[in-house]
Amino acid sequence: MAIADDLVAEIFGQDKALPGILSKAIKQKLGVSIGEFSEKSGVPASTLYKILSGERDPNLRTFRRILTTIKEIEGAETNKKQNFIAIVG
């Protein structure tokens, strides 16, 4: 399952809080800083910090941008790590 899919499943399926799950997804699973994520997503860092601290819930447009960016970063990482099959004769 993809990181974005895991995020949505944990929030809506298991009723877990967004701040902890999102922080773990960005920092640990994707390995990027909040500043880097902000640049890639176009979501201001101050908004991300408010969401991660639980001070604010994201609106739908912001949440979509967050999920889209997670998928883009994850896709870029997947493309870098593509497996290949060697044929030895």
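All values reported here derive from a predicted model rather than from experimental measurement.
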Who are the side-chain hydrogen bond (donor to acceptor under 3.5 Å, both in side chains) partners of Thr68, not counting sequence neighbours?
none
Please tell me if the side chains of Ile66 and Ile51 come closer than 4.5 Å, counting only heavy atoms from C-beta onward.
yes
Tabulate below the donor-acceptor pairs under 3.5 Å that side-chain atoms of residues 37-48 make, not counting sequence neighbours, or state none.
from	atom 1	to	atom 2	distance (Å)
Ser38	OG	Val43	O	2.6
Ser38	OG	Ala45	N	3.1
Ser41	OG	Phe37	O	2.9
Ser41	OG	Ser38	O	3.4
Ser41	OG	Val43	N	3.1

Gap separating the CD atom of Glu10 from the CG atom of Asp6, nearest 0.5 angstrom
6.0 Å
Same cluster or not: are Leu60 and Ile70 linked, directly or through other Ile, Leu, Val, Met, Phe, Trp or Tyr residues, by side-chain heavy atoms under 4.5 angstrom apart?
no
Residues 17-31, side-chain donor-acceptor partners within the protein, below 3.5 Å, at least two apart:
none

Under 3.5 Å donor-acceptor, Glu74 side chain and Ile3 backbone:
yes
Could you pull out the closest heavy-atom pair between Arg65 and Thr69, with the gap in Å?
O-OG1, 2.8 Å
